[in-house]
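This report refers to the structure that appears directly beneath it.
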2 protein chains.
Amino acid sequence: MKKLYIIGMGPGDLNYLAPAARKALEQSSDVVAYQLYLDLLDEIIEGKQHHALELGKEIERAELALDLAAEKESVALVSSGDAGIFAMATLVFELLDKQPKDAWNSIDVEVIAGISALQLAASRVGAPLAHDFCAISLSDLLTPWETIDTRIKAAAQGDFVIAFYNPVSKKRDWQLDHAKQVLLKHRPADCPVIIARNLSREDENITVTTLSELDSTQVDMLTLVMVGNSETRAFDKGVYTPRGYSKKLKLEANS
Amino acid sequence: MKKLYIIGMGPGDLNYLAPAARKALEQSSDVVAYQLYLDLLDEIIEGKQHHALELGKEIERAELALDLAAEKESVALVSSGDAGIFAMATLVFELLDKQPKDAWNSIDVEVIAGISALQLAASRVGAPLAHDFCAISLSDLLTPWETIDTRIKAAAQGDFVIAFYNPVSKKRDWQLDHAKQVLLKHRPADCPVIIARNLSREDENITVTTLSELDSTQVDMLTLVMVGNSETRAFDKGVYTPRGYSKKLKLEANS
């Protein structure tokens, strides 16, 4: 079988690139990705065929990866973060399902998971995810706004810790404010919020604020916004969401 | 500063151990973990002080790691998966917040993210997470069942792809069936369900079934159960949840 690896390279810092992903890259003759990711992987993929397609060309990138894989022995399609979370893997499977080409039948597709932005953001401040959580993209480019709005309300009612991907862009500046207003009805105004920008890059910038003070003008497409649940606490050493151990801790202190 | 690394080692297969985690382990004199994880890390932590505490001794394990870190230069506390997701990191921060000891003030705590079970399970079958999703633990050992039930209903209403952690144990055998009944009211009976057991171990076993055919007697504590949303599709090459690209695909086919 020909091989198409769909690789999540993690946040960009190669210290978070899984050995499985490195091996798959090393075995591939061709690497398809957005140019920035090719640059970040430079030391591993030097000498291989690079195929950079600009942002917005996701369908073309997936199709090119499949076409190349049908031709060559082993090809890598690279996303940042986890290839299976808000990334390229689903698009490859959708093409295989909905617009298959005969040549693609010879391809064995293998997805290699990577560290997603919500995980690195959480680790930088402590343990805010900790227990039940959800991830919601605020981009209505491909998802109807009604669906997104329903999910924000459901996440608010379920008191999930929420990681918002694509919170704000130049053309979309009100969705995060809307989410903030919905959440303020369900959790405290001082609920911790983490604003994580340019994760693992040189200019990484992480701030902890509160839900009532969340300012969407400080947020852009390169930012992940994480909102704690009603029990999440910020203190001088970090932010965390208790798993329910405090009851146990108190019992022990009393016994 | 003394250093306490809280490390997510991923699913167990060292091909998913981040280089950042490996470096932190190499720098540590002492490693605190459940015995199975110490065994899996054997080639990296040989010759270091091992501190194994049995399952259920999570508070003791976190406290021991903090006490050791206050004494030594660099100590590692290891969880499987992501240390910040259903794991040890939150407990360390809770102890630092609620039951601090003076000696712990000298400790710099660093969390290192790892691949969580929901990511590996997803990658094994395609791209079922793909877009908005949530993670819910069905264990009511430390969380009131009412809270869990509220989250299941919210996730159902929000049409989130759901990863269920701790779905069934010897003493808890009805919660997954309850979740199934709730979800059947909101999504199709043939909605794909992934049952992933012993991920990345030699006896890894992954099956794809449907919501109506989900059988909780086939599930145990070592299993992750992932339920697709109303758009998730299973076909001969895998399981995926479309991101909404199909509209775009159709437009292109028509143009």
Side-chain angles (χ1 to χ4, degrees), chain A residues 14-20 23 58-59 82 84-86 89-91 93-94 96-99 109 111-113 115 119-120 122-123 126-127 129-137 142-143 147 150-151 154-155 157-160 233 235 237-238 240-249 252-253, chain B residues 14-20 23 58-59 82 84-86 89-91 93-94 96-99 109 111-113 115 119-120 122-123 126-127 129-137 142-143 147 150-151 154-155 157-160 233 235 237-238 240-249 252-253:
Chain A
L14 298 191
N15 276 311
Y16 283 95
L17 181 77
K23 281 178 201 165
E58 278 70 38
I59 294 174
D82 187 319
I85 298 177
F86 302 120
T90 187
L91 188 47
F93 284 93
E94 191 161 4
L96 286 168
D97 183 27
K98 299 281 178 67
Q99 294 188 356
V109 179
V111 180
I112 298 178
I115 301 291
Q119 297 173 284
L120 197 68
S123 74
L129 286 175
H131 200 55
D132 304 333
F133 67 93
C134 68
I136 300 175
S137 167
L142 297 165
T143 305
T147 304
T150 301
R151 288 192 176 138
Q157 279 157 12
D159 198 28
F160 285 95
R233 278 180 57 87
F235 70 120
K237 292 197 165 59
Y240 71 99
T241 303
R243 279 193 66 179
Y245 285 97
S246 48
K247 252 183 245 163
K248 221 169 172 177
L249 290 179
E252 290 191 348
Chain B
L14 298 189
N15 276 311
Y16 283 94
L17 182 77
K23 281 177 199 164
E58 279 70 37
I59 294 173
D82 187 319
I85 298 178
F86 303 117
T90 188
L91 188 49
F93 284 93
E94 191 160 5
L96 286 167
D97 183 26
K98 299 280 179 65
Q99 295 189 354
V109 179
V111 180
I112 298 178
I115 301 291
Q119 298 174 284
L120 197 67
S123 74
L129 287 174
H131 200 54
D132 304 334
F133 67 92
C134 69
I136 300 175
S137 168
L142 297 165
T143 305
T147 303
T150 302
R151 288 192 176 137
Q157 278 157 13
D159 198 27
F160 286 94
R233 280 178 57 86
F235 70 120
K237 291 197 166 58
Y240 71 99
T241 303
R243 280 193 65 178
Y245 284 97
S246 48
K247 253 183 243 162
K248 220 170 173 177
L249 290 178
E252 290 191 346

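Reckoned from all heavy atoms, side chains included, excluding hydrogens, waters and symmetry mates. Every chain is numbered from 1, with letters handed out A, B, ... down the list of sequences.
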Heavy-atom closest contact ([X] atom, [Y] atom, distance):
X: B:His131; Y: A:Arg151; result: CD2-NH1, 4.0 Å
X: A:Thr90; Y: B:Thr241; result: OG1-O, 2.6 Å
X: B:Cys134; Y: A:Cys134; result: CB-CB, 3.4 Å
X: B:Ala154; Y: A:Phe160; result: CB-CE1, 4.2 Å
X: A:Val111; Y: B:Gly126; result: CG2-O, 3.6 Å
X: B:Asp97; Y: A:Tyr240; result: OD2-OH, 2.6 Å

Chain B shares the most heavy-atom pairs under 4.5 Å, among A:Ala113, A:Ala89, A:Ala155, with A:Ala113

Comparing B:Tyr16, B:Phe86, B:Phe133 against chain A, the one with the most heavy-atom pairs below 4.5 Å turns out to be B:Phe86

If one checks every heavy atom of B:Ala135 against chain A at 4.5 Å, the contacting part turns out to be both

Bottom line for B:Leu17: the part with an atom under 4.5 Å from chain A's heavy atoms is backbone

Part of [X] lying under 4.5 Å from any heavy atom of chain B:
X: A:Leu14; result: backbone
X: A:Ala130; result: both
X: A:Ile85; result: both
X: A:Phe235; result: side chain

*Could you walk me through whether A:Gln157 and B:Gln157 pass the side chain to side chain contact (heavy atoms under 4.5 Å, CB included) test, one step at a time?*
CA-CA 10 Å; A:Gln157 279 157 12; B:Gln157 278 157 13; 3.8 Å; yes

| said: One pair to check against side chain to side chain contact (heavy atoms under 4.5 Å, CB included): B:Gln119 and A:Gln119. What are the steps and the verdict? | reply: CA-CA 11 Å; B:Gln119 298 174 284; A:Gln119 297 173 284; 2.9 Å; yes

To the nearest 0.5 Å, atom CD1 of A:Ile115 lies from atom CG of B:Asp82 at 6.0 Å

- Query: Side chain of B:Asp132, backbone of A:Ser137: donor and acceptor closer than 3.5 Å?
  - Reply: yes

